[in-house]
Structure formats: C-alpha cells, structure tokens
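Each ligand, and each atom within it, is numbered from 1 in the order the structure gives.
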Amino acid sequence: MTVPLLFALVCAGAPGASASLIPPSPIEKRAPVRIRVRIAEQLSRFRLRGFDLKFSKLGTRFDRSTEWEVGCAGQKVRARSLQGPRREVLVQGALTVETPAGFLQFQGRPYRESLTVVPVGGGRCDVVNQVDLERYLDGLVNAEFSSGWNEQAVAAQVVAARTYAFYQMREAQHRGDAHYDVDSTTRDQVYDGSIKEDWRASRSVERTRGQILSVREGGKVLPLKAFYHSTCGGRTELPEKVWGKKFPGFRRKVDCPYCAVSPRFEWSVDLTPRELQEAFLKGPGRADWPSDWRSLLVPGARLLGAKVLRTDSDGRALELATDWSSGFRKFQLAVTAVQLRNWVGPTRIRSARLRVGPLALGLDGLRVSGRGFGHGVGLCQWGAKVLGDQGRDYVAILKHYYPDAQLKKVW
Ligand SMILES: [Zn+2]
C-alpha cells in the first residue's frame with residue numbers, strides 16, 4: 001500500500017509543472033486545504049494589528065497587542081511598530097505574520113490565521129490571507145450572497161463557491177508561479193475576511209464540508225469551474241459565449257424561470273455619446289474598425305444611432321453596430337454585447353442579455369436595457385433562492401444549474 005500512496009503524493013505535488021497546458025489533476029481524497037486569498041494588491045503602505053504577532057524569518061514573537069505600519073521597498077518588506085518601544089523589521093522577500101489569537105487586523109478588518117506580505121516591485125506590496133478553505137467560506141457567504149436566505153439555497157451556493165475556489169487553487173498550483181490562488185474581488189469571489197461571518201453561514205459550510213462538484217473529462221475526474229452569478233434573466237449562458245473558451249462540464253444552457261423575482265431581473269441604462277467614447281477609447285479597439293478610429297472618436301464626434309447586427313436563438317443581441325460622424329466622415333464601430341459590457345462596465349451594463357434603442361427625441365445617446373445581472377454562467381443565485389423557497393434541496397438545486405457535474409465529498 002505504501003508505494004502507490006507515495007506515488008500519488010509525489011504526483012499531486014509535482015513542482016514546476018509547465019503551466020497552462022497541463023489540465024488540473026484528478027480530484028483525490030485529501031485533507032482540508034489552505035487557500036491563499038489576495039486581499040489587497042499594489043499597496044504602498046498599510047497597517048497590521050494583532051496579539052502576540054509572530055513574524056516569519058525572525059522567529060520572534062512580539063508580545064501583547066501591537067500595531068505595525070508595513071510597506072515594501074524593492075524585494076524587501078519593512079514593518080515599523082506604532083505602539084510601545086520603537087521597533088523596525090526589514091526582511092528580504094515575503095513576510096508572513098500570524099497570531100495565536102486567531103485573528104489579525106488588516107486595515108481595521110479581521111482576518112483568520114495568517115497574512116503574507118509579498119513585495120511586487122515599484123515599492124508596492126500584495127497582501128495574501130492564508131486560511132483554511134472552510135473558514136474562507138464562512139467569511140465569504142455574506143459577502144457573495146446572504147446567510148439569511150433559504151438554507152438549501154445557501155448550501156448550494158457554498159458548494160459552488162468551494163468548488164470554484166478549489167478549481168482556482170489547483171490552477172495556481174499547476175502554474176507554479178502565483179503567490180495567491182484567488183482574488184478577493186469580483187475577479188474571483190468577494191471576500192472581506194471574517195467580519196461577515198455568522199452562525200447561519202458557518203452551519204451551511206459545515207453541513208456541506210468538503211463537498212465539491214466534479215466532471216469527468218478524458219477518463220479523469222476533475223473539479224468543475226463552478227461559475228455563478230446574481231440573476232441569469234431567464235436562461236443561463238455557456239462560458240465560451242462570455243469568455244471565448246470552453247470549460248469541461250458546461251455543455252448546455254439551462255432554463256431558469258425562477259429569477260424573475262430578482263430586483264435585478266430587468267434593467268435599463270442611458271449612455272451618453274461621451275460615455276461610449278470613453279469606454280471605447282479604454283479598450284484596444286477591433287480589427288474591423290477604421291484604422292484611425294482613435295483620432296475620429298474625439299469629443300466632437302456625434303453618435304448617429306445603433307442597431308443590432310446579430311441575435312441568438314433567444315432573441316438577445318450578440319453584436320451591435322454604433323454609427324458615428326466626425327467632421328465629414330461617417331464610420332461604424334461594431335461591438336459584441338460582451339465587449340460593450342466589459343468596456344462600459346459590468347455594473348452599468350448589468351448583463352449581456354440586452355437590447356438597444358435611441359433615447360427620447362431631442363436627447364443624444366443610447367438606451368440599453370436588458371435582463372439579468374452578471375455573466376449568466378452556472379448557478380443563478382436568485383433562481384437558487386426561489387428553488388430553495390419552493391422546497392428543493394441543495395443537491396437538486398446544484399443538479400439544475402450544473403446538470404453535467406457530480407457532487408463528491410473530497411474531505
Ligand atoms: Zn435565473
């Protein structure tokens with residue numbers, strides 16, 4: 001028995017895997033894992049506080065409550081005490097700070113276990129919270145959704161969040177060069193440390209402990225990249241339509257008549273020509289735009305109108321054309337709905353399930369209206385809430401939104 005087990009461990013931890021070409025390794029039974037969450041990026045200076053803080057590389061523990069101002073210089077981290085006797089710490093490379101009290105205060109917010117300060121050059125640091133994955137989920141529930149919702153709906157979302165985090169951890173492990181696994185923003189999952197933990201959140205996490213959604217691909221069992229979002233608007237979307245890339249386990253769209261109760265089900269926003277210009281100028285443009293589009297899109301350019309170029313089978317706009325005039329030139333700038341959302345901003349254009357039309361007579365601009373909030377892939381949070389309220393359990397909710405995935409208990 002010893003040899004196969006050792007072999008499995010060596011394979012799982014193989015360092016230096018040359019990254020993106022290697023798919024995540026199969027799910028194996030394993031102990032609970034610690035996730036590395038980047039909680040701040042490119043900071044020049046910040047404050048850390050805690051009881052009996054222990055700084056890695058020094059082997060010293062600073063007694064009682066201490067507060068430190070921390071910054072980075074080149075590849076060094078510098079920390080200066082703000083209370084009691086004046087002390088200064090300067091270390092080469094990353095500095096990890098932990099406390100036996102269990103919580104550290106970063107910028108006034110509590111985080112569990114340990115924080116690592118990573119110099120990233122230019123006098124800036126990233127800050128990474130290393131924490132047990134289950135405790136990370138305790139804090140995440142009320143940042144990403146609400147523990148006050150139906151318990152089965154919350155449990156379904158916890159499993160999706162755990163699976164997403166687990167997928168990202170394995171990706172980072174295979175890349176081998178990242179100093180964190182997930183961001184604490186909408187780039188991955190929103191996480192504010194422990195401040196939003198409550199007993200309902202912890203109960204849903206504990207009841208689904210170690211449960212992960214998996215997919216079978218090429219004879220292997222892999223974690224699903226369990227995308228989720230606020231409100232799908234009636235039907236979920238495929239990842240390749242949003243990010244131009246397929247992911248195992250997402251083979252079909254799912255009807256969702258449930259999220260119509262979401263306050264974000266329908267939306268509408270008025271865009272001025274100026275806002276559109278600024279959004280377009282932020283991006284790289286498109287190959288089918290006039291080569292001198294940047295010089296044409298000056299503040300004097302007029303928006304003449306917009307029309308839908310392509311729709312999908314649900315009747316939603318896939319691509320639109322905006323018509324402009326600048327001086328004596330008329331030109332057209334086409335965008336996909338996904339590009340328009342990314343460039344204008346995902347909170348202004350809440351989903352890519354949209355329509356366009358002119359503003360009221362006499363007003364210059366574009367009215368964009370649509371359904372749903374978010375990218376639309378995977379679990380619809382408001383749909384899950386309604387399914388939970390209707391008495392469906394979390395396994396059935398997950399099956400509805402991830403029909404090609406299996407639920408497994410990994411630890
Ligand atoms: Zn929905």
Asks: Could you check whether the rings of Trp289 and Phe280 sit parallel, tilted or perpendicular, using 30° and 60° as the cut-offs?
Replies: tilted
Asks: Do Ile349 and Trp267 come within less than 4.5 Å of each other through their side chains, counting heavy atoms only?
Replies: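 Side chain of Ile349 against side chain of Trp267, heavy atoms only: contact under 4.5 Å found.
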Asks: List nothing but the number: protein N/O/S atoms under 2.8 Å from the Zn ion (ligand 1).
Replies: 4
Asks: Testing the 3.5 Å rule here: is there a donor-acceptor pair between the side chains of Tyr136 and Glu113?
Replies: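 Absent: no donor and acceptor within the cut-off.
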Asks: Above 12 or not: heavy atoms from other molecules or residues under 6.0 Å from CD of Glu41?
Replies: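 Yes - once you tally the heavy atoms of other residues, nucleotides and ligands closer than 6.0 Å, there are more than 12.
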Asks: Please step through side-chain contact (heavy atoms from CB on, under 4.5 Å) for the pair Glu240 and Lys245, ending with a clear verdict.
Replies: CA-CA 4 Å; Glu240 57 264 36; Lys245 185 184 167 193; 5.8 Å; no
Asks: Provide the closest heavy-atom pair for Leu213 versus Thr163 in the form atom of the first, atom of the second, distance.
Replies: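 Closest heavy-atom pair between Leu213 and Thr163: N-OG1, 3.0 Å.
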